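Just so we're clear, the structure is a prediction, and the values are computed from it rather than from any experiment.
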Amino acid sequence: MLKILRERLRQGHRTAPYPQQDPVLPERFRGRPRFDLERCPPGCRACLDGCPYGALQVRDGRPCIDLGLCLFCGECAASCSAAALMFTRDHRLAARRREDLLSGADEPRLAQALDARMKKLFGRSLKLRQVSAGGCNACEADLNVLGTLVFDLGRFGIQFVASPRHADGILVTGPVTENMKGALLDTYAAVPEPKLVIASGACAIGGGPFRGSPEAHDGIGDLLPVDLYIPGCPPHPWTALDGLLRLLGRL
C-alpha cells in the first residue's frame with residue numbers, strides 16, 4: 001500500500017486543466033485552415049486542384065474549405081506555392097449548422113449552445129450512445145480516449161452508455177454503410193424524446209473518402225436531424241470535447 005501511495009504522489013495530477021487553460025497540441029496537429037486572401041494570386045486554382053476530396057470551393061469569388069468534407073490531409077496547403085493557405089493549430093471546429101462548416105478568411109462560426117429547455121435537461125448530465133456506422137474505427141478510438149484520466153469526460157457529466165434506452169442522444173461515426181443503416185435508425189428510434197444527434201468525423205458528416213459509394217449514404221445528414229457537427233479525420237479528442245461543451249453551454 002505504501003508503494004502505491006508513493007507512486008501516486010510521484011505521478012501527481014494527470015488530468016488536463018481544460019477548459020481553464022487551452023490544450024497543448026503537437027506541432028504536427030492540423031486544425032482550422034486559414035486563407036490569406038492578400039497572398040492569393042488572381043485566378044489561381046492550385047489548392048482546389050490539389051484537394052483530392054473536393055472539400056475546397058469558391059463562394060462569392062472567395063475560396064473556402066468545407067470542413068465537413070475535409071480530411072485534413074494537407075494536400076491543398078502543399079499545393080499553394082503562395083502560402084495563402086495554411087492549417088492552424090486551432091482545435092475549435094464544431095458547429096451546430098452544416099453551412100457553418102465552411103471555413104475561409106472570416107472568423108469561425110463555432111457551435112452555439114442548446115436552447116434554454118434542452119440545456120436545462122442536458123446541461124449537467126448528458127448520456128450518449130455511440131454508433132459506429134461503418135467507419136474505420138479511428139473516430140471511435142479518439143472518442144474512447146475521452147474516458148482516460150487526461151481528458152476525464154465524466155467530470156463534465158458526459159458519459160457513453162451501452163443502451164440507447166439509457167441515452168439522451170446518439171453520437172454517430174462512419175459514413176453509414178448500407179448494412180448499418182437499419183441499425184442506426186433503430187438505435188435512434190430507441191432513444192427517448194427529447195434526444196440529440198451528433199455527427200463526429202468527416203465520414204458521418206459527408207461520407208469522407210467513401211463519398212459517392214453506392215454502399216454508403218454520405219453521412220447522416222439526409223437520415224437524421226443533426227444537432228452538432230464535429231469535423232476531422234478523425235476529430236482530435238480536444239475538438240470533440242470542445243464541441244460537446246459548447247453544445248451544453250459550458251464554454
Side-chain angles (χ1 to χ4, degrees), residues 30-33 45 47-59 63-79 85 87 91-104 108-109 111 128-144 169-189 196-237 239-240 242-244 247:
R30 292 192 186 116
R32 180 176 294 276
R45 293 184 51 89
C47 60
L48 279 78
D49 295 337
C51 177
Y53 300 107
L56 269 96
Q57 305 173 13
V58 175
R59 294 287 182 95
C64 63
I65 296 181
D66 186 344
L67 298 181
L69 301 179
C70 181
L71 301 192
F72 294 80
C73 65
E75 290 297 320
C76 55
S79 302
L85 170 60
F87 283 87
H91 67 286
R92 303 169 304 158
L93 302 173
R96 292 290 308 278
R97 302 184 305 169
R98 182 66 179 86
E99 56 268 29
D100 288 344
L101 294 179
L102 293 176
S103 179
R109 291 167 287 185
L128 296 172
R129 177 66 170 96
Q130 200 275 313
V131 180
S132 178
C136 69
N137 285 332
C139 290
E140 294 83 351
D142 274 3
L143 289 172
N144 287 340
I170 59 174
L171 190 153
V172 185
T173 57
V176 190
T177 53
E178 184 63 34
N179 64 339
M180 280 300 298
K181 178 182 176 182
L184 171 63
L185 296 178
D186 288 346
T187 303
Y188 174 76
L196 302 174
V197 177
I198 300 170
S200 183
C203 287
I205 297 173
F210 309 103
R211 186 159 59 104
S213 168
E215 294 301 318
H217 287 267
D218 292 351
I220 64 174
D222 61 343
L223 297 174
L224 298 174
V226 180
D227 298 286
L228 180 69
Y229 298 91
I230 306 176
C233 186
H236 194 280
T239 300
D242 175 84
L244 290 171
L247 182 70

query: Of all heavy-atom pairs between R59 and C64, which one has the smallest distance, and what is that distance?
result: CG-SG, 3.6 Å
By side-chain contact (heavy atoms from CB on, under 4.5 Å) - contacts of S79 (at least two apart): none
field: Non-hydrogen atoms of G54 and L69 that approach each other most closely
entry: O-CD1, 3.9 Å
- request: Using ring pair (Phe, Tyr, Trp, His ring centres under 6.0 Å) as the criterion, list what pairs up with Y229, not counting sequence neighbours.
  value: none
- line: Hits for side chain to side chain donor-acceptor pair (under 3.5 Å) against T177, two or more places apart or cross-chain, chain-then-number order -> N179
- request: Using salt bridge (Lys or Arg N to Asp or Glu O under 4.0 Å) as the criterion, list what pairs up with D49, not counting sequence neighbours.
  value: R45
message: Ignoring hydrogens, what is the shortest heavy-atom contact between C70 and I65? Give both atom names and the distance.
response: CB-CG2, 3.9 Å
task: Return each pair, listed once, that meets salt bridge (charged side-chain N to carboxylate O under 4.0 Å, His left out) where at least one residue sits in residues 63-76; pairs must be two or more places apart or across chains.
output: D66-R98
message: Applying side-chain contact (heavy atoms from CB on, under 4.5 Å), can you list everything that pairs with R32, at least two apart in sequence or on another chain?
response: L67, T88, D90, L93, S103, P108, L110
message: In the structure I gave you, are the side-chain heavy atoms of P209 and L71 within less than 4.5 Å of one another anywhere?
response: yes
Can you give me every donor-acceptor pair (side chain of residues 133-140, partner residue at least two apart or in another chain, under 3.5 Å) with its distance?
{"from": "E140", "atom 1": "OE1", "to": "N137", "atom 2": "N", "distance (Å)": "3.2"}
{"from": "E140", "atom 1": "OE2", "to": "S132", "atom 2": "OG", "distance (Å)": "2.5"}
{"from": "E140", "atom 1": "OE2", "to": "T173", "atom 2": "OG1", "distance (Å)": "2.7"}

message: According to side chain to side chain donor-acceptor pair (under 3.5 Å), does anything in residues 210-228 pair up with another residue at least two apart or in another chain? List the pairs.
response: E178-H217
field: Any residue meeting ring pair (Phe, Tyr, Trp, His ring centres under 6.0 Å) with Y53, in chain and number order, not counting sequence neighbours
entry: none
